[in-house]
Amino acid sequence: IAAIALTHRLSTIDFEQARKLLETLIERAPRQALPRAWLANWHVLRVQQGWSTDPQLDARLALQSTKQALDADPHCSLALAVDGFVHTNLLKQLDTARERYNLALMNNPSDPRAWSLKGTLHAFMGEGEQAVSCTRRALRLSPLDPHRWFYDSLAATAYLSAHRFDRALDAAKRSLRVNRTHTSSLRAQAVAQWQLGHHDDARKCAQELLRLEPTLTVGGWLARSPSANYGIGQEWADIFRQIGIPD
């Protein structure tokens, strides 16, 4: 529980401590699926935040962790959902990711994380209304989750894909009120602000993004984004250029 909490604080010190706790737990309980699934999740978030010095290594380690988790418990919905997360965000194998999310929900139809991540998959593919449906269901299933800001962040991406920019901005702001360092929420907020005509606010948001991730570029974001080969990803990349993210 402490490791999960530290992972979602997204400060570099807490984040590294989370990994140490998870690795210690895995040593003590090697046959348990959940710690390995959360460790895989840790590797995905590390790449997403722009903190990874070797994204390919993180991808391999994440995939190894989900494989070990599913070897321990093939029906673990969290392990299946996180494996989908790995295939979406790190490997960009979206067909495989879709299968994993569907299996997770077959095993546990009330898993909010699986619904939310499945929604993000639809968002990256430009399937906005399906994305919104999934992420809204996730929020209904977990109304009091201490990590609701994470679900709000994914909902913001879903609303962006559906071109419902006012809802996207509201969701991004809710997420950021709880966690100001989550760069995905900041990117969603900046895109929504730009599309709503709040151009100065979008540019200020871009400066905050660059403060948190100084090496951020449009090309670098495209290289790691599952949406890069879809129209929605190109739309977002064009907005990043306009708000001041370097090429």
Side-chain angles (χ1 to χ4, degrees), residues 1-10 14-15 18 21-22 25 32-45 48-49 62 66 69-70 73 75-89 97-98 100-124 127-162 164 167-189 192:
I1 291 171
I4 295 166
L6 289 170
T7 295
H8 285 85
R9 285 183 189 172
L10 294 181
D14 289 342
F15 195 68
L21 291 177
L22 288 169
L25 183 55
Q32 295 297 316
L34 293 181
R36 295 183 186 276
W38 281 112
L39 183 59
N41 188 78
W42 184 94
H43 284 287
V44 180
L45 293 179
Q48 281 192 312
Q49 282 292 111
T66 55
L70 290 168
D73 182 358
H75 304 293
C76 176
S77 65
L78 177 67
L80 287 163
V82 174
D83 195 50
F85 197 24
V86 174
H87 280 87
T88 301
N89 290 63
R98 189 191 299 268
R100 296 296 189 274
Y101 296 140
N102 288 340
L103 281 171
L105 292 168
M106 185 185 303
N107 282 280
N108 182 5
S110 297
D111 188 329
R113 183 168 292 263
W115 278 113
S116 199
L117 292 173
K118 185 175 187 289
T120 310
L121 171 70
H122 288 301
F124 289 147
E127 299 169 351
E129 292 306 322
Q130 290 171 274
V132 168
S133 176
C134 290
T135 54
R136 289 182 66 179
R137 184 163 183 171
L139 287 165
R140 288 196 301 271
L141 284 167
S142 193
L144 300 177
D145 197 299
H147 303 126
R148 185 182 171 94
W149 65 267
F150 182 72
Y151 295 108
D152 280 327
S153 178
L154 300 185
T157 299
Y159 281 122
L160 285 183
S161 185
R164 296 164 69 172
R167 292 290 187 92
L169 184 57
D170 288 344
K173 285 183 174 180
R174 283 197 305 272
S175 179
L176 290 166
R177 276 196 291 270
V178 180
N179 193 332
R180 289 293 309 171
T181 65
H182 193 223
T183 54
S184 180
S185 300
L186 282 166
R187 288 193 297 270
Q189 176 176 268

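The structure displayed is predicted, hence computed values, not measured ones.
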Supply the atom-to-atom distance [X] [atom1] to [Y] [atom2], rounded to the nearest 0.5 angstrom.
X	Y	atom1	atom2	value
S185	K173	OG	NZ	13.5 Å
H147	N179	NE2	CG	9.5 Å
Q130	S161	CD	OG	9.5 Å
C76	L103	SG	CG	12.5 Å
S184	L154	OG	CG	6.5 Å
W115	Y101	CH2	OH	13.0 Å

Would you indicate whether the side-chain heavy atoms of [Y] and [X] approach each other to under 4.5 Å?
X	Y	value
R136	Y159	yes
R148	L139	yes
L80	N107	yes
R98	L121	yes

Closest heavy-atom pair and its distance - [X], [Y]:
X	Y	result
A97	T88	CB-OG1, 3.1 Å
Q189	L176	OE1-CD1, 3.4 Å
A114	A104	CB-CB, 4.0 Å
A156	A172	CB-N, 3.7 Å
S116	T135	O-CG2, 3.8 Å
A40	A62	CB-O, 3.4 Å

Partners passing ring-ring contact (aromatic ring centres under 6.0 Å, His included) against [X] (at least two apart in sequence or in another chain):
X	result
F150	H8
H122	none
W42	F15

Would one find more than 12 heavy atoms of other residues, nucleotides or ligands at under 6.0 Å from atom CZ of R167?
-> no
When you look at F85 and H43, which way does the side-chain contact (heavy atoms from CB on, under 4.5 Å) test go after all the steps?
-> CA-CA 10 Å; F85 197 24; H43 284 287; over 6 Å; no
Partner residues of R174 under the side chain to side chain donor-acceptor pair (under 3.5 Å) criterion, sequence neighbours left out = D152
Just jot down the side chain to side chain donor-acceptor pair (under 3.5 Å) partners of S110, sequence neighbours excluded, or say none.
-> none
Give the C-alpha distance, both sets of side-chain angles, the deciding distance and a yes or no for side-chain contact (heavy atoms from CB on, under 4.5 Å) between L6 and L21.
-> CA-CA 9 Å; L6 289 170; L21 291 177; 3.6 Å; yes
Short side-chain to backbone donor-acceptor contact, T7 and A3, under 3.5 Å | yes
Within the distance-only criterion (no hydrogens, no angle test), does the side chain of Q32 pair as donor or acceptor with the backbone N or O of L25 below 3.5 angstrom?
-> no
side-chain contact (heavy atoms from CB on, under 4.5 Å) assessment of T66 paired with R36 = CA-CA 6 Å; T66 55; R36 295 183 186 276; over 6 Å; no
Residues 100-123 vs salt bridge (charged side-chain N to carboxylate O under 4.0 Å, His left out), sequence neighbours excluded, gives D83-R100
Worked verdict on V82 versus W38 for side-chain contact (heavy atoms from CB on, under 4.5 Å) | CA-CA 8 Å; V82 174; W38 281 112; 6.0 Å; no
